[in-house]
Amino acid sequence: MTKAPELVEAVAPVYPPAALEAGLEAAVTVRIHIDDTGTVTQVDVVQPVGNGFDEAAVEAAEQYVFVPAEFDGKPGPIVVETTIHFTIQKEEEPEPAPEPPAPAGQAVDDPAAQGPPSHGGDFRKPVTVEGEAVERGSRRRLSGVIVSLAELGMDAVTDEKGKFYFHGVPAGEYRVIAVEDRYDRLERSLTITAKERVEVRLWMRAKGGNPYETIVEGEREVLEVTRRTLDRRQLTSVPGTFGDPLRVIQALPGMAQSPFNTGLLLVRGSNPDDSAIFLDGHRVPILFHFLGGPSILSSEFLETIDLYPGGYPARFGRVLGGVVTVETRPAKSDGVHGQADVDFLDAGGYVRFPIGKNASLAIAGRRSYLDAFLPFFLPEQGPGSQLVVVPVYYDYQLRLDYDFGKDGTASVFWLQSSDDLDVLSKEADAEQSLDIGASIGFSRLIATYRRPIGGGLRLTMSPVFGRDRVGFSGAQADGAQEFTSADIVQDTFGYRMRLDGRVSPLVVVDTGIDIESRVTRYDLLVPLFTDFAPVGDQVDVPPEDYEQVIDFLAYGVHADIGWDATDKLRLVPGVRFDGYWLAGQTRATIDPRVVARYQIDKAWLAKGYVGLFHQPPQPETLDSFIGNPDLQLEHALHVGLGGEWIPRKYWKVDAEVYYVDRYNQVAFTQDREIREDPVTGRVIADPLWLVNSAVSNTMGLEVMIEREVTRNLYGWLAYTLSRSRNRAAPDEPETPTFFDQRHVLNAVASYRFDSGWELGGRLRFATGRPITPNIDGTFNGDETQYEPLPGAMLSERRQVFHQIDVRVEKTWVFDYFTIGAYLDIQNLLNIANVEGVNYDYRYREEAPVTSVPFLPTLGVRGQW
Amino acid sequence: MRNLGLKIRACVALACLAGAGCGNFEVQSVVLDLRILSMTVSPPEVVVPLEAAQDPMNLPEVSVQVCALIADPADSRDIEYRMTACWPTEESYRCDEPGRAEVLLTGPPNEPFAVAPDPEESDEPVQVCATLSSNVVLPALILDQVEVQGSYEDVAAQVIGNGGNLDVQVELAVRGVGQGPEDLQYGSKRVRYALPLPEDRVANNNPAIQALYATVDPDDGPDDGPDEEGVEMPQGRCIDVAAPLVVAPGTEIEFEPVAAEGSREEYEVLTFDGRTRMFTENLVYTWYATYNVWEPEQTGGPKDPAGNDPDIKSVWTAPRNRDTIGDGLDVPIWVVQRDERGGQSWFESCVRVVP
């Protein structure tokens, strides 16, 4: 064979609907018969796998069109073998499909000598050369690579394990040539002596660094209007994120600019507490380590990140604002693979490996070392003085997967995250010494069992146990005991059961139940000023122990039904019922919602939704001493209308106008309930502290112009026009919400060169947040200090925020591993974005507090 | 609070290191221009009969005098001031909320400002005072508040919720004669009319500073020896003091105030559930001078969070600059003493710095 057949037209196979609904995946190996015109004349399934995959693979392969193979310069018939993969979600392991078929090395007209395609030469003779093709850097075995012994015209195609064999090769010097579209052509010499069996490994270098896999991805059923899903490549290479995937969501439409890059979830004008993060279907309290640090989850554990800015499916409940869902990646692995990264702030690693035939394990961890170098930046202390600041954050994760085959899969995921800050200030005068500690941490143990149950349905059962902990302590250095402390522990037990899938050609269902139990314990040592009216600022109130336990039980039932009313219109009515046991009282609510999507033509789609949402008050607000146990649920109405347009391949425009009306929101009050004690006759003034008096609304427009990820390029432009207003009580004036930003624009683009270099940039622009200006000061004669004279509440705004971030990365690919080095520069132009101001003592002068200055970060990460 | 204040400053310094902006601002303890340094009310608290809760319009007549300590070291001029009474404003500490009642204490509406001579150079110590008559002020403010809140009952509930206290806010506006509205300096002080809750409630009295002692170069003595005896500072303005403390440039002086007997009173507070809590007043001292910063600027107060007793001493360092000192420089110093219930007094003295 002088030329391998070349695939010039391929048709992606249609994912079998029933298999998709059941969550089944498969790899179908087919043998393709190609005639001397390049036409596919026959397709055979080498080993049937059932569930409709074989038929789908054959149907697709029959539509392939080839430039025919050539033998001694003339076209001729050939049989090639390839594997078509059906995968529901993207995996890191590249299992490309459809693969370009490769020559099998034997002509069909020599059946006696014909062996499997991975065997070249006369199959009846002993194996002389045995080898495998692997990818440089990752050591992944590559199937579908055409391997030729040029001098003999002998060819083989690597099998699914990357193996190839040549039979009956006589002694001599040969050139081994390996060809695969996505990899550089490989040519190396090979010496074979008489009666020798030679083993050879062919290291294939991916073109342009790491290749991006083309995997047949079964689209998840769409039961919502707006879901922004991030591609894996986007997750780690967006400038200004330090390669942190979870930070990328802040560059999407609907997200406001977070102060000081702290990573607050500011979705469509909502307060950060009104949005929720679901990890594998269960809520977690935070996404990032403190002070805007990295995310609490290794990027290698991320499968998908979705942002639902509004109108989300009924399975996400007890939240008013937006929803971020993070799905972790199965530990499934064909060998030991890992990743390590190091930068100025921390170092982390990840490793995954198989355990036996059906199980696999993945472990990851990260720890900061700010504590090691921060002392070099602290001011020098005087004699007898010592200042130690120890900020430490760490996280680790573990995931164990087990594949029961047709009986489903099971996994256990463990996540632990911790942030600690300890400040020790010692002075010669012991009374001036201080030891302050603060910590926040949480853990989650999530088990998931998933299996098809027939009828197109998939059952998912997932219990979770978690503990959140917030601590603070203050003590005299070397003192016997703390003078103040707070230890707040919240134990969470939850359970979700979900049935989803396509139950008929026209109907998709997603239904389930979830239960969440939280027990929050407060153990405080603080001065309690809460039982009498303020006297002054200098009252001696010694710290007292205050312990409280608040129980929270929530149970919910949800259902979304996707009905394809016509071949263009899908309606998704949904409903969610939630019941609560809060601070000894019951509450319940039903939230109906409906979504519609209309496919106008191949390029245009219209969509809309309307629905009710709610959330319970935070546990601490229900405390009988410092809160109000009678607080009710907070509610919101979400309405959205938009469309999608695909003007050309790789390009997509998505736009939506929306309105969010929130009511019954909790707000502070100074009102007191005055009553007379019926027994003692004393006048009692009970402070209410909190009431459900606030309302707010947000309306806006979101536009996303996206250039999908291809081999070299990706990018998007996200624009949000938003207006958020708030009223704390009916008799209070309406003001902008604290996080209201009229315009937010994020433009991201990244280009990867074939040489392994990648260059990206990001532009951020956001209207300044509302502020209440201080226009003067007033001497407070009762406290002998000045008080600010505030102007109209939230009547002015900070300056416009704008920043350019860039990122340069170079990847080197070696046989056993890859190494990437990156330089991520935040605020390239060192623009002084004002995030706050300091005032002089009488509020006449001010100095700006600016956001992150020019901040380069150099990092290295390796994968094997 | 001294220790805690130091720590807070350290934290601010760390924040500055972390990239936050820090301004190079003037500090409160250095008086450079026209300033209000203290406001006193005599008496600081009036206990009214319990019946007043039912009929607040018929309170007994009580006159309360509000006075201010004003400094104006940068200019030789008379000053003019205006005092106004109003219902306490939540955030602004001013009496200029639109549509709200206010009562002028210093003159008629067409001539609200009173004039006082130059605080530093007048023949007699300046009195910047006004009198608040309960029969004039309270009915006007209560009626206005009834209109705002809807009923007498709502106003009464607010008073009960405030620990049985009806507070009146007095706003002081002061400027140099001839200056415009933009030059006004504002101050605010609370006058408290308290119901006898609990029944044996005793009205607060103003504290007083009996004496102020100064120790020159306090760190020069042996570390483990007894504290040096301080010298008693003369009271009065520099122009009035015949024998001020004389020190060399750069001299460190530690000042220690001595409170008059009975200044720290015990008192009971009504809790929301109808019980009482007993407290003892803590005296806070705020320090001022026309040159150089005090360290710390405020002393005294309650125990610090760790339970340590507060330090009431503060250290001031005489100027070193010869151009500033010239042949000799008189530096007025002030220390303002207050309790947490509105009681207040001040002590003025003088240090002469000679080359």
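For the atom pair CD (B/Gln28) and OG1 (A/Thr784), the distance works out to 7.0 Å, reported to the nearest 0.5 Å.
Contact tally against chain A (heavy-atom pairs below 4.5 Å) for B/Val41, B/Thr276, B/Val27: the top residue is B/Val27. Contact count against chain A (heavy-atom pairs under 4.5 Å) is highest for B/Gln344 among B/Gln344, B/Glu153, B/Glu171. Chain A forms more heavy-atom pairs under 4.5 Å with one residue of B/Arg94, B/Arg341, B/Lys189, B/Gln158 than with any other, namely B/Arg94.
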Item to complete: Show your working on salt bridge (charged side-chain N to carboxylate O under 4.0 Å, His left out) between B/Arg192 and A/Asp782 and close with a plain yes or no.
Response: CA-CA 11 Å; B/Arg192 172 156 284 180; A/Asp782 294 311; over 6 Å; no
- [ ] Show your reasoning for whether side-chain contact (heavy atoms from CB on, under 4.5 Å) applies to A/Val541 and B/Arg277.
- [x] CA-CA 10 Å; A/Val541 180; B/Arg277 286 183 69 163; 3.8 Å; yes
- Task: Report the C-alpha distance between B/Ser188 and A/Thr778 in whole Å, list the side-chain angles of each, state the deciding distance to 0.1 Å, and finish with yes or no for side-chain contact (heavy atoms from CB on, under 4.5 Å).
- Result: CA-CA 7 Å; B/Ser188 173; A/Thr778 305; 4.1 Å; yes
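Taking all atoms of both residues into account, the shortest heavy-atom contact from A/Glu787 to B/Tyr93 is CG-CE1, 3.5 Å. Between A/Glu783 and B/Arg338, the closest heavy-atom pair is O-NH2, 3.2 Å. Closest approach of A/Leu789 to B/Ser92, counting heavy atoms only: CD1-CB, 3.4 Å.
Atom CD of A/Gln670 has 12 or fewer neighbouring heavy atoms from other residues, nucleotides or ligands inside a 6.0 Å radius. The neighbour count for B/Glu182 CD, taken as heavy atoms of other residues, nucleotides or ligands under 6.0 Å away, is above 12. Taking a 6.0 Å sphere around CZ of A/Phe668, one finds it holds 12 or fewer heavy atoms contributed by other residues, nucleotides or ligands. In B/Glu147, the CD atom is not crowded: 12 or fewer heavy atoms of neighbouring residues, nucleotides or ligands sit closer than 6.0 Å.
Considering only residues two or more places apart in sequence or on other chains, A/Glu835 meets the salt bridge (charged side-chain N to carboxylate O under 4.0 Å, His left out) condition with A/Arg769. Not a single ring pair (Phe, Tyr, Trp, His ring centres under 6.0 Å) links A/Phe472 to another residue, sequence neighbours left out.
A/Phe779 has its side chain out of reach of B/Leu37: every pair of non-hydrogen atoms, C-beta onward, lies at least 4.5 Å apart.
Contact of B/Tyr288 with chain A is made through the side chain alone, with heavy-atom distances under 4.5 Å. Proximity to chain A is absent for every atom of B/Leu69, based on heavy atoms less than 4.5 angstrom apart.
Salt bridge annotation for A/Arg842-B/Glu26: present, with a cationic side-chain nitrogen under 4.0 angstrom from a carboxylate oxygen.
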